[in-house]
S.K.: 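So that we are looking at the same thing, I have put the structure below in C-alpha cells.
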Amino acid sequence: MSRFNFWELAKNALSAHENWGRQWRAPEPKAEYDVVIIGAGGHGLATAYYLAKEHGVTNVAVLEKGWLGGGNTGRNTTIVRSNYLWEESEGLYDHAMDLWQDLSQELNYNIMYSARGVMMLAHTIHDIQVFKRHVYANRLAGVQNEWLTAEEAKEYCPPLNISKNMRYPVLGAALQRKAGVARHDAVAWGYARGADKYGVDIIQNCAVTGIRRGADGAVEGVETSRGLIRAKRVGVVAAGHTTTVMDMAGVRMPLESYPLQALVSEPVKPCFPCVVMSNTIHAYMSQSDKGELVIGAGTDQYISYSQTGGLQIPAHTIEAICELFPMFRRMRMLRNWGGTVDVTPDRSPIIGKTPVPGLFVNCGWGTGGFKATPGSGHVFAHTLARGEPHPINAPFTLDRFRTGRLIDEAAAAAVAH
Amino acid sequence: MLLITCPYCGVERPEIEFRYAGEAHIARPAEPSKLTDEEWAEYLYMRTNPKGLLAERWRHAHGCGRFFNAIRDTVSDRFVTIYKMGEAKPDLERLVVEAAQ
Amino acid sequence: MTQDFRTSAGGRIDRSSPVDFTFDGKAYRGFAGDTLASALLANGIHLVGRSYKYHRPRGIITAGSEEPNALVGIAREKGQNTPNLRAPQVEIYQGLNAESQNRYPSLSFDVGAVNDLLSPLFVAGFYYKTFMWPRSFWQKVYEPFIRSAAGLGKAPTDPDKDRYANHYAHCDVLVIGSGPAGLAAATAAAQSGARVILCDEQSELGGSLLHDRTSAVDGKPAVDWAADAIRALSENDKVTLLPRTTGFGYYAQNFVALAERVTDHLANPDPRLPRERLWQVRAKEVVIATGAIERPLVFPENDRPGVMMAEAGRIYLNRYGAMAGKRVVIATACDTAYRTAVDLKAAGVDVAVIADLRPDPAGVHVDAARSAGIRIEGACVVTGTKGRLRVKSARLGRIRPDGSVTAMGEEACDSLLMSGGWTPNVSLYSQSRGKVAWDEDAGAYLPGASVQHERSAGSCHGVFGLQAVLEDGYAAGENAARAVTSAAKRPKVPAVTGGEEGAGGTLGALPHDRDPARVRAFIDFQNDVTAKDVKLAVREGFHSIEHIKRYTTTGMATDQGRLSNMNALSVASKTLEKPIPQVGLTTFRQPYTPVTFGTFATTARGEAFDPVRRTPMHDWAVEKGAEFEDVSLWKRAWYFPKPGESMHDAVARECATVRESVGIFDATTLGKIEVVGPDAAEFLNRVYTNPFLKLGVGRLRYGIMLNEAGFIMDDGVVGRIAEERFHVTTTTGGAPRVLAHLEDYLQTEWPDLNVWLTSTTEQWAVIAVQGPKARDVIAPLVEGIDLSTESMPHMSVREGKICGVPTRLFRMSFTGEAGYEINVPASRGREVWDAVWNNVEAVGGAPYGTETMHVLRAEKGYIIVGQETDGTVVPDDVGMDWAVGKKKADFIGMRSLARPDIVVAGRKQLVGVLTNDPKVILEEGAQVTAEASPALKTPALGYVTSSYYSSALGRSMALAMIADGRGRMGDTLYVSTAEGAVAVEIVSPVFYDAEGGKQVA
C-alpha cells in the first residue's frame, strides 16, 4: 500500500489516479481470530489498530453490520476536548487529546485535527462556579483550560452576543485552546486503513446474531450473518446497540439508547472561528472546513433506535443559537439527522471486563464519544490484549454501579438552589 | 413530536405535554435493606433497553399529572398500547406476534 | 441591457409592469412575475455563479428549488442580507439587489479558478492524503486556505432585522405539491367535505400546468383548467391554500412541517408581517404530490453555462417568456425533451438538433418534433462543449452498436438543453420512514408500502402522463378523504388531450470518444464531483453508497443530491458491477429544501426565549435598584447597592444589618408543595431521610431528600400545619423536579397511600424577616399569633393574619439570626411586603438579596444544595448524618447509603476554610491540595464550594469539600488562586454562633 503524501498524489495525478490501491481490503471472514471486535466505528477500529500496532495482536477481525464508520462516528458534531472535571475523566479524555495532536501523522491520513479552541459559556453564577471548578481542577491535572470574561470570550469568537439584555447573558467562558474539531469520517477511514495495513480483517455487512459461550461460560466466538467466527476474546464496541449485543451473551447492561440529533447549515465563507458550547441554553456550534455551521441538538426524551426525532429538539437548539448569534438567524438548515447514543446512569463510559470471561465491553459514551476515539481505542486495546484494564480505564468498570463509585460529570454541574 | 393518548384524560395530545419516565414495571423492592449490592444495582440501573417493544412510563406532566404505562416500538416509535398505572403488563411476545399479522 | 432573449408574447409575466433590479451591481430590467433566473435569462445571462471546489463558471441549470448553481446573495437593509438563495426561486421586485457568490474579484474573472488548473490533483478525497507536513501547517496554512476557498455565500454579519412566526394547524388532508396530481387530490378531498391544506413551494399554484402550452383538460387549455380548479378551492372555506410554502419535514404520526415565505418577494413588505412562517401541521391524511425531477446527462463539459435542463428551458419559455438561447441543441434520452424542442421552435428559437441517445426515437412527442421540422439524430450523444463563460458549441458523436462513439462534428449553439429522464421525488415519503423500492421498469426508486397515513400521487410515485396523473391525483384525494369522512366522493376525472407520457431515460455517465484522462463529466455540479471521482472512490475501497457520498461529497451540496444521486449511484453500480439496489441509497433527511433558522426559532427570541418568572415583589426590588441573578427561570434580587456602593460594599452592609438589626428578603421563589391526606406523614417519612411521623402540629423540620442512588437531591423546611397537612418547601430550582419525584413514588410505588400533592409555589409570596429585631418589626402587624419564644419557638409554624391577610408564619432561620418567613397569598404579597418594609426601614433595617443570604448561611455552615453538593454527595459527606433517621427501616436512597464506595473512608467532607491571609477571598471552585506546588496530576484533596468576605468575622471565609476533611481540623492545606497557591487552615464549617443561641432567642 502506498503512503499518502503530496508527491504520491502528484505522481498519481499523472496517471489520472488510476493506480491508487484500496484503502482497506474486503476480506472473507476466517474461521477463527485471536480477537473479534464487534462494531467498526471509530472506537472499534482504533481498538483494532492499537491491538495490532502496540500489542502485536494482528489476527483480529472487526465485524460491522453496515458500513464502517456509519454509526455515531459518521453522525456526530466532531468536537474534541478534555476539560472534564473528575480525575478519572480528565485522565481518559486528555489521553485522547494527546493522541489527537499527531493522529494525522500517526495514521498517515489527514484527519484534519483543528485545534481551534472549544469555549463553554457561563450564563449564571452557578455556571461560573462550576466552570471555575473545572479550570482549577484541570490545572492541577495538567489539562489545558482557562477562564475568560465575557469580553474576552467575544474577542475569541466575534459573532458572540454578549449583550446584558439577553435572556441569559454570557457571564464568561471556559476555553480550552488546544481543543477543536476533526474530520469524523477520516478518523474511521484512517484507523481502518491503518488496521488493515497490519493485517486486521475489517468485515463489513456482517451482522452479529449470537455470542457463543462454552461450558465454562467463557466466550468461544460469535455467530454472524456470515457464519460462526471463533475467538476467545471478544470486544463489544457497538454504541447504541450495545444492549442488544450484550443480551446475546446474557449480560444485562445499565444502558439506555436515545436519539441524538444534529444539523448543518448551508455552507458559507468562514464566519465562525472556534467551537462554542452552552450547556445552560443547550447549544453548541462550530463551522466545518466546508463552510457549514455544524450544530448539535439534544436528545429526545424517550428511548429509541429510530435515528430520528422530533422537530422540537433541533428547533430548541436553533433558538439558542439565534440568541447567541443573532446574525445567523437568516442562515438556513441544510440537513438534520439523528444517531442512537447509549447512556449510562452516570453518563460516563464503561470500558473493561464483563461477568463473562473473554467478553469485554466499551460503551456508554452517550453524546460525547467522538472526542475520546483514539484514547478509548488505545486503552481498550490494552484491556483486550492483557485481559486487564489500563490504569486509565480501570475506574470505568461495570462494577462501579454496584459499589457506588460513579463518575458523574453531569451531576457535578447539577443546578439547584 | 409524538402524539400520545393519556388514558386518564382520554385525549390525544402532543408529546410536549408529557414527560418520559423510563422503563415500566420495575417495582421498588419491598425491603431494600435485605438486598445484596448486586440486587440493588440491578434494581437501580439495569435496563432492558430493547430494540422493539418496550413497556415504558410517561407522565401527563402538563395535563392531569398522572403517570401511565405504554408499549411502544423503539424502532418505529409507534405506540402499540397505552394503559393505566396498576394494570397488568401486556404480553409483549403476543403483541409482537399480533403486530406481525 | 435590453431583454434580447424575451419572447415577443406569452408567459405569465406582466409585461406592462417592468421591474428594475441589479445583479453584481449592473442594472437589468425584467417584468413582474419574473424570477431572478428568468429575468437574467431574458437578458441573455446564464453565468451566475462559481462552483464550490474548482470555481468553474456555472449557469442556471434548473427552474426550481433543486438549483445547484445559481445561488446568489440578496442584499436588503442592514440585517437583511441573505446568502445562497436560489435564483429560480427569487421573485424579482423593484430595486432587488442580487450578487453572485464564491468568486473574487468578479464573476467573469475569479482567481479561485486556479483551482481548476490544479484539478488533476484535487480529486475526490485528495485532502486526506496530503497537507500533513509540516505538522503545524495544517492549522496555520492549509486549513485557512481550504476554508476560504470553500463555502458559498457570505454569512450575514448583522443581527437579523426580521421576525418569524409559528402556526399550528390541524387538517383532514394535507396535500403537498399543487401540480396536476396535487390539484386533483385537493379537489377530490375538498369536494368530499374534508378540511384541506394545499401547499406548494412555488409562488403560484399549478405546478407543471403553468407551463404546459399544448395540453387541454376538460376542453380547456391546461393552465386555464388549473386556474379554475384553484379558484374553486379558494372559494371553499374548508380549504387553505399556501403558495410559497415548502413541506420540508415529515415526522412521526403525520406531523408535517411547512415553511412559508411571506415577504421576501415583496419590494416593500408590510412591517407587521413576519418574513417566514413555520406551519406545524398535524394531518389525518397526507397526499404527497411532489412530482419528479429531471436528471442531467453526464457528458464531458456538461457544466458549461448555457447547459440547462430541457424542462427548465420549457418552463422559462412558456411561463416566463424567456429563451434559454437563440440556437439550441437538445440532448436527451427521454421524450419529454421533445416538448421543449417543439415549444422553442414555435417561439422562433432555432433548434439545431435533438441528439437522442436512443437509436430509434419514436412516439407522439418525436412525431410532433419531426413534423415541426426539427432535425432528430438517434444514437447520438453529446461528447463535449466549448465556450468559456457560455457554451458556444456542442460536440456530437454517434453511438455505434458496440457502444463505441465516433465523432459527428460540432454544432454551434448558445444553449444546450438536456434530459436524462425523470427521478420521482420520494424525499418526503422516505422521511415518513417508508422504504423506497427499486423499480427496474421505471429505472427509479419508488415509494413502497405506507408506514404512516400518507399516499403519493402522480409522478413522485412513477405515474406519468397528464391523464394518468390526474386520475391518480383524484383517487389519492378521494382515498385520503375516505379515511376521515364517510362522505368521500370522486369527482369525474376530466378528459385530457395532449400531455402524453414521455418515455425514456438514462442513468450515469454517457459514452464518448474523448481521452478519459483529460475530460470531466460532472455528476454533482455544485460540489464539482465527476464520474471519475466516483470511480476513484470505488477503486479505493469505498463501496457503500454512503462511503462514496462522503468520500466524493456527491449529493452533499445544497440540493442534497436531487440532481446527482441517481447518476452517482449508476456510476458506482457499473464500477462495482453490482445492480443499483445492492449498492443502496443514501438516506433522505429533513429539510427537503434548506429552511431559515429564524423559521425554526420563530418567536423564541429575546425575553421570550424562555419564560421569566418574577415574584410579586419584583418591581419593588427594581425600584430599589437591585441587581438580579437568574436562578432557573426566576429573576432573583441579588443585592441592593446604594448609590456608589460596590457589590462588596452592599453585601457587607446588608450582612451587618441583618446581624445587628433586621433584614427583609424575598424568598418567594422557593418551591412549595402542599402535602395532604391521612398518610401524609407516612409519605414524608419515606421520602425524607429525617423522621417525620412524630413531628408535632405547628412544628417545622429541616429535611433532606435523596434520590434512590443515595445522593442529596434537594432540601427544605417542612411544616406540619395540621395532622394531615404539611407545607413542604424545596429549593428554587428543584421545585418541579421534586414534585415529579414525589408524584412518581406516590402514584407508582405507593398508590395505597392516601396523599395528595399540590404545587403551591405560585400561590404563596414569602417574606423572610431576619435579625435581632425581626419580632419587633412584625409584631405590630400580626393578629392571632403569640410571637413569644415560649409560645412560638424556633422551628415552629402558626396560622393567623398579618396586615389582615391570612398567613402561615414560619419561625425559622437560614441566617443564624432569629427570624420569620411570612407566607401570604401571592396576590397580597406586595401589600404585606410594603407594610413589613415600612417597619423594617423604621428600625434601620435593610432589604437583602441572595448574595447576602448566601454569606449569612455560609457563616452558619448551612449547605446550599447544588453548591456544597453536586449530585455525588451523601448526607454524611456534608456533616448531616444527624438528619438521617437511624431507626427508619427505609426511605428513598437509604439502601444506596450502604454501598461499599459510599461507606468507604476518604470521601470528601464539608469543612470550613480560613486563609492565613484574612484579606484573601478564595475563588469558588478552587482546588485544595496538601502541598503548595503539587506535582502535576496529583489528585486534589477537594475544592472550595463557597467563599465570601464575612463582615461578622471581619475576614474572608470559605466552605470546602475535602477528603477526610473532618479529620483534618487545624491542618494547613493549600488552595489554588489565579496568582498561585495560598495556605489555609481547615476549621469547622460553622463560623458564627456555633452554639445556635441567636436564632432561638
Side-chain angles (χ1 to χ4, degrees), chain A residues 4 6 9 13 16-17 20 22-24 67 70 87 104-105 109-110 114-115 124-125 129 132-133 136-137 140-142 167-168 185-186 266-271 289-291 311 315 318-319 322-323 326-337 403-405 408 411-412 414-417, chain C residues 82 84 120-121 123 128-132 146-147 150-157 159-160 251 257 517 536 540-541 544 546 550 558 589-590 594-598 600-601 604 609-610 629-630 731 733-734 864-866 870-872 899-902 923-927 936-937 939-940 943 976:
Chain A
F4 286 164
F6 180 79
L9 186 66
H17 300 280
W20 287 109
R22 282 166 168 255
Q23 298 194 7
W24 49 80
W67 38 284
E87 286 135 20
S104 292
Q105 290 72 26
Y109 209 98
N110 189 355
S114 172
T124 65
I125 292 163
Q129 291 165 345
K132 288 202 169 170
R133 186 178 168 194
Y136 278 116
L140 284 181
R167 175 68 182 84
Y168 296 108
D185 289 330
E266 293 182 312
V268 285
K269 292 292 176 191
C271 63
D289 287 346
K290 267 193 86 184
L311 169 69
I318 290 171
E319 290 168 8
C322 291
E323 281 305 284
M327 70 288 294
F328 294 149
R329 204 178 293 266
R330 295 180 90 85
M331 293 290 292
R332 282 193 299 271
M333 182 207 282
L334 174 62
R335 192 167 66 248
N336 171 209
W337 66 94
T403 67
R405 196 182 186 83
D408 199 333
V415 185
H417 65 88
Chain C
T82 317
N84 297 347
L121 286 176
V123 291
Y128 300 124
K129 295 173 178 161
T130 183
F131 299 141
M132 288 181 272
I146 289 177
R147 285 190 71 174
L152 291 166
K154 294 192 182 95
T157 51
D160 190 356
Y251 299 86
L536 173 63
E540 292 197 78
S544 157
E546 285 283 357
R550 286 156 183 263
T558 57
R589 301 278 183 198
Q590 302 98 357
V595 176
T596 308
F597 282 0
F600 291 101
F609 173 71
D610 218 6
E629 68 162 323
D630 287 302
T731 59
I864 287 188
V865 172
D870 62 6
T872 67
R899 292 188 290 173
D901 277 320
I902 305 300
E923 277 203 280
E924 287 160 352
Q927 300 290 303
L936 204 59
K937 305 205 178 187
Y943 75 106
S976 49

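All values reported here derive from a predicted model rather than from experimental measurement.
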S.K.: Hey, which of C:Gly925, C:Ala150, C:Pro939 has the most heavy atom pairs under 4.5 Å with chain A?
M.R.: C:Gly925
S.K.: Examine whether an atom of C:Phe131 lies under 4.5 Å from a heavy atom of chain A, and if so say whether it belongs to the side chain, the backbone or both; otherwise answer neither.
M.R.: both
S.K.: When you compare the side chain of C:Asp870 with that of C:Tyr943, does any pair of heavy atoms fall below 4.5 Å?
M.R.: yes
S.K.: What residue in A:Asn336, A:Leu334, A:Ile318, A:Asn110 has the most heavy-atom pairs under 4.5 Å with chain C?
M.R.: A:Asn110
S.K.: Looking at C:Thr130, C:Leu936, C:Val595, which makes the most heavy-atom pairs under 4.5 Å with chain A?
M.R.: C:Val595
S.K.: Under a 4.5 Å cutoff for heavy-atom pairs, which residue among C:Ala257, C:Gly541, C:Ala517 has the most contacts with chain A?
M.R.: C:Gly541
S.K.: Using 4.0 Å as the upper bound for N to carboxylate O, is an ion pair formed by A:Arg330 and C:Asp160?
M.R.: yes
S.K.: Which one wins on heavy-atom pair count under 4.5 Å against chain A: C:Ile902, C:Ile146, C:Thr82?
M.R.: C:Thr82
S.K.: Take atom CZ of A:Arg405 as the centre, draw a 6.0 Å sphere, and report whether it contains more than 12 heavy atoms from other residues, nucleotides or ligands.
M.R.: no
S.K.: Does any backbone or side-chain atom of C:Leu152 lie under 4.5 Å from a heavy atom of chain A? Answer side chain, backbone, both or neither.
M.R.: both
S.K.: Taking all atoms of both residues into account, what is the closest heavy-atom pair of C:Tyr128 and C:Arg550, and its distance?
M.R.: OH-O, 4.3 Å
S.K.: Given the options C:Gly598, C:Pro156, C:Pro120, which has more heavy-atom pairs under 4.5 Å with chain A than any of the others?
M.R.: C:Pro156
S.K.: Taking all atoms of both residues into account, what is the closest heavy-atom pair of C:Ala940 and A:Leu140, and its distance?
M.R.: CB-CD1, 3.5 Å
S.K.: Is there a donor-acceptor pair closer than 3.5 Å between any side-chain N or O of C:Asn84 and the backbone N or O of C:Gly153?
M.R.: yes
S.K.: Looking at A:Lys269, I'd like to know if its NZ atom is crowded, meaning that more than 12 non-hydrogen atoms belonging to other residues, nucleotides or ligands lie closer than 6.0 Å.
M.R.: yes
S.K.: For a side-chain contact (heavy atoms from CB on, under 4.5 Å) with C:Thr596, tell me which candidate from A:Met331, A:Arg332, A:Arg329 qualifies.
M.R.: A:Arg332
S.K.: Please name the pair of heavy atoms, one in C:Leu121 and one in A:Ala13, separated by the smallest distance, quoted to 0.1 Å.
M.R.: CD2-CB, 4.0 Å
S.K.: A:Cys271, A:Ser114, A:Gly70: which one forms the most heavy-atom pairs within less than 4.5 Å of chain C?
M.R.: A:Ser114
S.K.: If you count heavy-atom pairs under 4.5 Å with chain A, which of C:Thr558, C:Leu536, C:Asp901 comes out on top?
M.R.: C:Asp901
S.K.: Can you tell which part of A:Asp185 gets under 4.5 Å to a heavy atom of chain C, answering side chain, backbone, both or neither?
M.R.: side chain
S.K.: Let's test your reading of the structure: which of A:Tyr136, A:Tyr109, A:Trp20, A:Phe6 forms the most heavy-atom pairs below 4.5 Å with chain C?
M.R.: A:Tyr136
S.K.: For chain C, find which of A:Cys322, A:Pro270, A:Ala315 contributes the most heavy-atom pairs closer than 4.5 angstrom.
M.R.: A:Pro270
